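What follows is a short report on a single structure.
Keep in mind the model is a prediction, meaning the values are calculated, not measured. Heavy-atom basis, side chains included; hydrogens, waters and symmetry copies ignored.
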Amino acid sequence: MTAAGTAPPLARAVIPIVVLTLVWGCNWPILKIGVSELPPLTFRGLTLPFAAVGMLLVARCSGDLIRIPRALWTKVAILALFNIAGWSGFVMFGVQQLPAGRSAIIAYTMPLWATAMATFVLDEPLGKRKLFGLALGTLGMAVLIGDEIRVIRHAPFGVLMILAAAVAWAIGTVLLRKWQLPVPQNTLSGWMMLLGWVPIVLLAPWFDSRPLAGELASLRVSGWFAIAYNIFLAGTAANWAWFTLARTLPGILVLGERPGAQEWLALALVVAALFTVMFQPHAKKEPAMAPPAPDD
């Protein structure tokens, strides 16, 4: 048996990966429900602050300090802008326009963008394996988006929004790995979510003409469920899992949507691309980057 503190990186990542797979995978159709009842930024503005407080409570209960050193606030704000505000804002508008399954496939091309950016920002070599993965991912996106280009009336705006969200997420992930801030992960995640909420809540009234009280009064049970899910599960639990992984490692049934051959082909190409980019051969095993804070 391997001790928890000396377990291989993949073994330590099992729980976060399972949490992400289940919680974020199920959240795409739930997001679709949420933005069908509330404007996108209003929906996200209602969930982010409570999820942020949840992350900070997790940090406090874990014995972590929740104070950010003054010298780090600028970098934390930049990380929040890309990882939280950029991702959350763009993806909300995109999922409003596209089927949940198609939105998820486009959004999870993020590692492909991150791999390309890391080549320049982190000086990570872009070998034949990663180039092949990037080519597969690009082909997958072309298959998925090709129909949107030919048939303009579908949702080209939604596609662009999801792609913008994926690029923003990639930038934030690369910067997170580059800076490796000496802050416990739960504390950093909570403050990032809180800071990222600020531009969203300031912009929300420009896209929602109804008073918030009126929006909440007309909300159905499904809308409240979407809010609760995005606070406690997709907001708190899944963000803990994602940012834990990001530091150390490089909805169909609900909505009645049915993927066709195009979606399955795109998904297969993107999954193949992600596998090619993220999983290295055993012969080239590299030591995993340890979290900068021992409490993480």
Side-chain angles (χ1 to χ4, degrees), residues 20-21 23-52 79-114 137 140-141 144-145 148 154-176 189 192-193 195-204 206-208 223 226-227 229-231 233-239 241-243 246 251-252 254-255 257 263 266-267 270 274:
L20 282 176
T21 302
V23 175
W24 271 357
C26 294
N27 194 40
W28 286 96
I30 293 173
L31 281 178
K32 187 75 173 179
I33 292 171
V35 297
S36 68
E37 298 202 21
L38 288 171
L41 295 187
T42 300
F43 176 80
R44 186 50 81 209
L46 286 170
T47 61
L48 266 180
F50 297 104
L79 290 173
L81 180 64
F82 288 106
N83 281 294
I84 306 300
W87 161 258
S88 297
F90 287 127
V91 87
M92 289 295 100
F93 285 107
V95 80
Q96 187 183 46
Q97 302 288 324
L98 293 174
R102 183 167 292 200
S103 299
I105 294 173
I106 298 175
Y108 290 141
T109 59
M110 182 280 292
L112 305 178
W113 305 109
M141 285 189 293
L144 191 63
I145 302 172
E148 306 298 339
H154 269 198
F157 176 77
V159 173
L160 291 175
M161 289 294 98
I162 297 292
L163 282 175
V167 171
W169 190 13
I171 294 172
T173 299
V174 170
L175 292 178
L176 188 68
S189 300
M192 283 169 53
M193 293 164 69
L195 291 178
W197 168 73
V198 173
I200 289 176
V201 77
L202 291 177
L203 290 172
W206 294 89
F207 296 90
D208 186 1
I227 290 174
Y229 189 97
N230 275 268
I231 291 174
L233 294 177
T236 301
N239 272 294
W242 165 250
F243 288 116
I252 292 169
V254 175
L255 298 176
E257 296 173 1
E263 281 80 3
L267 177 60
V270 169
L274 299 185

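Distance alone, capped at 3.5 Å, places no donor-acceptor pair between the Y229 side chain and the L31 backbone.
Here the CZ-CD1 distance, from F157 to I162, works out to 10.0 Å after rounding to the nearest 0.5 Å. Taken to the nearest 0.5 Å, the CG atom of L195 stands 11.5 Å off from the CD1 atom of I200.
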Sequence neighbours excluded and cut-off under 3.5 Å, please list the side-chain donor-acceptor pairs for residues 80-96, or say none.
residue	atom	partner	partner atom	Å
N83	ND2	L79	O	3.2
N83	ND2	G172	O	3.2
S88	OG	I84	O	2.8

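Heavy atoms only, all atoms of each residue included: G235 and M193 are closest at O-CE, 3.3 Å. Here the shortest heavy-atom pairing between T42 and L38 reads CG2-CD2, 4.5 Å. In terms of heavy atoms, W197 sits closest to G45 at NE1-O, 2.8 Å. Of all heavy-atom pairs between S103 and L98, the closest is OG-CB, 3.3 Å. Of all non-hydrogen atoms in A238 and V23, the two that sit nearest each other are CB-CG1, 3.8 Å.
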### Query
Passes side chain to side chain contact (heavy atoms under 4.5 Å, CB included), V167 versus L163? Steps please.
CA-CA 6 Å; V167 171; L163 282 175; 5.5 Å; no
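Listed by chain and number, the residues in a side-chain contact (heavy atoms from CB on, under 4.5 Å) with T47 are F43, R44, I227, N230, I231 (sequence neighbours excluded). Annotation: side-chain contact (heavy atoms from CB on, under 4.5 Å) contacts of A170 (sequence neighbours excluded): M110, W113, A114, M117.
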